[in-house]
Amino acid sequence: MTTQATFDLIFRNALLRSSAAPVDIGVKDGRIAAIAPKLACEAAEVDVDGLLALPGFVDTHIHLDKACLLGRCGHDHGSVSEAIRAVAGMKKDFTIEDVYARGARVLEHAIVNGTTRMRTHVEIDPRIGLRGFEAVKALKRDYAWAIDLELCVFPQEGLTNDPGAEELLIQALREGGEVIGGCPYMDTDPNAHLARIFDLAEEFDIDVDLHLDFDLDPSWWHLDEVCRQTERRSYGGRVAIGHATKLSALPPERMKAATAQLARSGVAVTVLPATDLYLMGREATHNAPRGLTLAHKLAGDGVLCSVATNNVLNPFTPFGDASLLRMANFYANVAHASVRDFDTCLDLVTGLPARLMNLADYGIEVGNPADLIVLDTKDNRFAIAELPDVLMGFKRGRQTFARPRPTLFKS
Ligand SMILES: Nc1ccnc(=O)[nH]1
């Protein structure tokens, strides 16, 4: 008589963020079946050797469709409108194959840098039609072995001012769009833009993730309208705003009020440090303002926040390898995070974005998918500071990559 093995795989001696000592993690049918010291098992084993295991990074905001454009466009962009114009001029020539190849390059970077869940924002408008969307749908299917990709479709060039955009957006929502985005500051009628996006969100019963603003003038903004729509439609917990750079320019009293407003209405904030720092404040001759909203402070005051990638190697951000650990380190540096904030900075690319995306099954917990990455550190407090290599990754218990530890040739 054969007895059924309790586990298919055991991770031996994995250090968790919350654990004082390494533990074993038993996997059965792609899910975590047990977490305990010294699990007995006759199945395959992976020796984690006391290194830090995380459930993978969660990227809430990345543009796969317009990534990797350096070399095709001019290289002297300075503002967000110049970057938008540069890409708008190119995208009529994007083919499905081209978007797929550029997106695949970024996805593969993201996978080997430890991202296991990702929301990509996909431009839908008459210039690109649904070609970008078709390409990312294919990427979602072809890379499902390593990463769960969620598709947020949005009208980058505006909605009420861009004839044909709404019909295409609706078609994308019928054909696999999972979240709806928006860009009110690109519209001649930002409030009508927001109202329409929220109408469609309700109609399709999906979450909203907006590009909110991109300047440092707090004398006008769309934040009040976003919160108002969210509350009116009981959409708290289902709405996120990206960039939100105006928040960085608020004096303390107004910031306090805005923080309370965001927390009360259940609107989450995604900060995109690479793009915000690259495009903001360029017109200044000295003492340049940076336009970076402080996500760790907002998170401490009860606003759901994430830090994400946004753009990679394009006119919005001519840098990037889609590493969220590096992004969190970068954020912590420029946002004046103190050592006591480092834990929150790691939360900003793991558990908090998982909540923002309403992922019910994220985390190294019994019952969840065995999504796990191993970082080359035995210290579960300072991964952000130390920037360890991500040595291996697993998706639903299956290994997705391995990276060798460096060898030193000491003399
Ligand atoms: N509207 C935008 C602002 C910043 N980055 C983008 O990709 N799009």
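The analysis underlying the following values was restricted to heavy atoms, covering all of them including side chains, and did not include hydrogens, waters or symmetry mates.
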Between Val312 and Asp321, is a side chain to side chain contact (heavy atoms under 4.5 Å, CB included) present by the stated rule, with each step listed?
CA-CA 7 Å; Val312 177; Asp321 58 1; over 6 Å; no

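- Residues passing the side-chain hydrogen bond (donor to acceptor under 3.5 Å, both in side chains) test with Thr285: none are found, sequence neighbours excluded.
- Other residues, nucleotides and ligands place more than 12 heavy atoms under 6.0 Å from the CZ atom of Arg326.
- Using a 4.0 Å cut-off between charged side-chain N and carboxylate O, Asp215 and Lys246 make a salt bridge.
- Between Tyr143 and Tyr100, the ring-plane angle classifies as tilted under the 30° and 60° cut-offs.
- Considering every non-hydrogen atom in both Ile206 and Tyr235, the closest pair reads O-OH, 2.7 Å.
- Remark: Arg102 engages Asp98 in a salt bridge, criterion side-chain N to carboxylate O under 4.0 Å.
- Sequence neighbours left out, the pairs with a member in residues 169-186 that pass side-chain hydrogen bond (donor to acceptor under 3.5 Å, both in side chains) are Lys140-Glu178, Gln171-Glu175.
- Using a 30° and 60° split on the angle between ring planes, His121 and His63 fall in the tilted class, from 30° to 60°.
- In this structure, CD1 in Ile35 is found 10.5 Å from CG in Asp24, a value given to the nearest 0.5 Å.
- Between Lys91 and Asp65, no side-chain nitrogen of the basic residue sits less than 4.0 Å from a carboxylate oxygen of the acidic one, so the salt-bridge criterion is not met.
- Partner Arg396 forms a side-chain hydrogen bond (donor to acceptor under 3.5 Å, both in side chains) with one of Thr116, Asp148, Asp371 and no other, that one being Asp148.
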